Amino acid sequence: MSTSKSGTLGSHLWDSSDLYRNSVLQLQEAADVMRLDPNVAERLKVPKRALIVSVPIRLDNGNIKVFEGYRVQHNMTLGPGKGGIRFHPEVNLSEVAGLAMLMTFKCSLVGLPLGGAKGGIRVDPTQLSRQEAQSLTRRYTTEINMIIGPDKDIPAPDVGTDAQHMAWMMDTFSQERGFAIPGVVTGKPVEVGGSLGRAESTGRGVVYTIQHAAKHLAATGQQGPKIDSSTTVAVHGFGKVGAVAALEIFNLGTKVIAVSDISGGLYNKNGLNIPEVIKYFTKNRTLVGYPEAELISNEELLAVNCDVLIPAAIDGVITKDNVSRVKAKIIAEGANGPITNEALKELEERGVFIIPDVLCNAGGVIVSYFEWVQGIQNLFWSETEVNARLAEVMATAFKKVMDVQSRHRCGMKTAALISGVERLAKAMLLRGLFP
Ligand code: GLU
């Protein structure tokens with residue numbers, strides 16, 4: 001077992017992925033700065049429970065293929081587990097455990113009565129037909145059925161899944177019990193009990209935090225971009241988070257000079273017309289071929305000369321190898337864990353303002369919580385109300401992180417984790433250790 005300065009680094013069962021190891025190291029740093037009770041830190045470094053399942057499905061060609069699936073519940077002190085389901089060819093138990101840990105801190109930081117969980121299937125979703133994707137989602141739901149539920153653990157979309165997958169999960173869970181149970185998942189289509197504004201919530205929240213960051217820099221007399229027509233933005237990832245964030249920040253009048261998806265990136269120094277890019281992307285399922293832009297690679301996008309960079313694709317994209325080329329003054333972590341720990345240190349030393357994932361992309365789980373609450377009440381809110389409440393929760397969380405940051409004079413990542421851990425640690429100590 002590897003050890004860090006003040007404790008064990010998780011356990012051999014969990015720590016095979018960079019994402020998990022990074023999360024534990026960040027937790028340890030936060031624990032050191034805030035002088036966290038070591039007994040609490042010890043418990044937070046490992047998940048409470050994990051389920052590994054085999055998910056056999058019949059492919060369209062008649063053959064059967066077995067996929068590996070996971071659901072990890074990291075901590076459920078504050079309430080039911082909460083977190084997305086990831087379909088990705090490289091997902092594994094350790095990565096899901098690391099992501100579940102981030103969900104614990106995210107939910108606690110933004111004040112939700114929810115714990116942290118995450119799920120995943122090791123699969124390339126682009127290689128599945130619609131029927132195969134449906135079979136996989138339904139069989140996975142059945143296999144994890146005993147640990148999920150509206151009062152236990154509530155999945156949602158993540159990388160590679162969307163509202164349609166949630167509708168299949170909700171249907172499978174409901175069929176098995178004989179009546180509709182919409183509260184078992186969030187991020188559902190509005191027609192089956194979803195919330196208005198949920199689909200856009202993560203990207204929208206990312207842009208709220210960027211606005212807060214710009215205001216904070218101006219108010220504290222630090223150098224930083226304003227959010228207006230003089231501001232340049234680059235967005236890495238053009239999925240559920242990146243495309244919405246690009247559109248929202250474009251609508252604030254900034255110049256979005258570069259965007260990218262898995263196939264490559266677009267660059268236009270005068271700014272891209274994001275509504276047109278979205279139309280093109282929706283029609284062609286790729287950015288490549290869009291007129292009025294130069295083609296760039298994903299690596300080039302990260303190095304573009306811009307004020308704000310939004311890595312909104314996947315973890316581990318800004319690393320010690322490319323960090324020296326990153327020029328942005330604000331980096332908003334739309335994805336979970338896009339900056340490795342070494343790269344983060346260098347960026348912080350250079351004075352780059354980092355908006356950490358657990359704060360930056362919390363809009364998704366916040367509106368997931370609103371969806372769950374609306375479902376329990378059977379009373380649905382207007383999109384204006386959803387957005388206003390989202391803005392309020394994000395503003396409070398941002399302020400909380402800045403207060404912790406100035407109290408401890410630490411980096412933003414550490415401040416965000418402390419903000420999440422403080423509330424949780426109090427609750428853990430009050431509940432005590434059973435038996
Ligand atoms: N997958 C999203 C996240 O990482 C949303 C989770 C949820 O809504 O439960 O925060």
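Just so you know, ligand 1 is whichever comes first in the structure, and atom 1 is the first atom listed for that ligand. Bear in mind the structure is a predicted one, so any value in this text is a computation, not a measurement. What you see below is based on every heavy atom in this structure, not just the backbone, and it leaves out hydrogens, waters and symmetry mates.
If you look at ligand 1, the protein residues with a non-hydrogen atom under 4.0 Å away are K82, G83, G84, M103, K106, K118, A156, P157, D158, R198, N336, G364, V365, S368.
In this structure, the side chain to side chain donor-acceptor pair (under 3.5 Å) partners of D18, at least two apart in sequence or on a different chain, are R21.
The ring pair (Phe, Tyr, Trp, His ring centres under 6.0 Å) pairs that include a residue from residues 113-155 number zero, where partners must be two or more places apart or lie in different chains. Applying the salt bridge (charged side-chain N to carboxylate O under 4.0 Å, His left out) definition to pairs two or more places apart or across chains, those involving residues 245-266 are R204-E248.
At least one donor-acceptor pair closer than 3.5 Å links the side chain of T254 to the backbone N or O of I249.
Checked for salt-bridge contact, D153 and R71 meet the test: a charged N lies under 4.0 Å from a carboxylate O.
In terms of heavy atoms, A31 sits closest to A41 at CB-CB, 4.3 Å.
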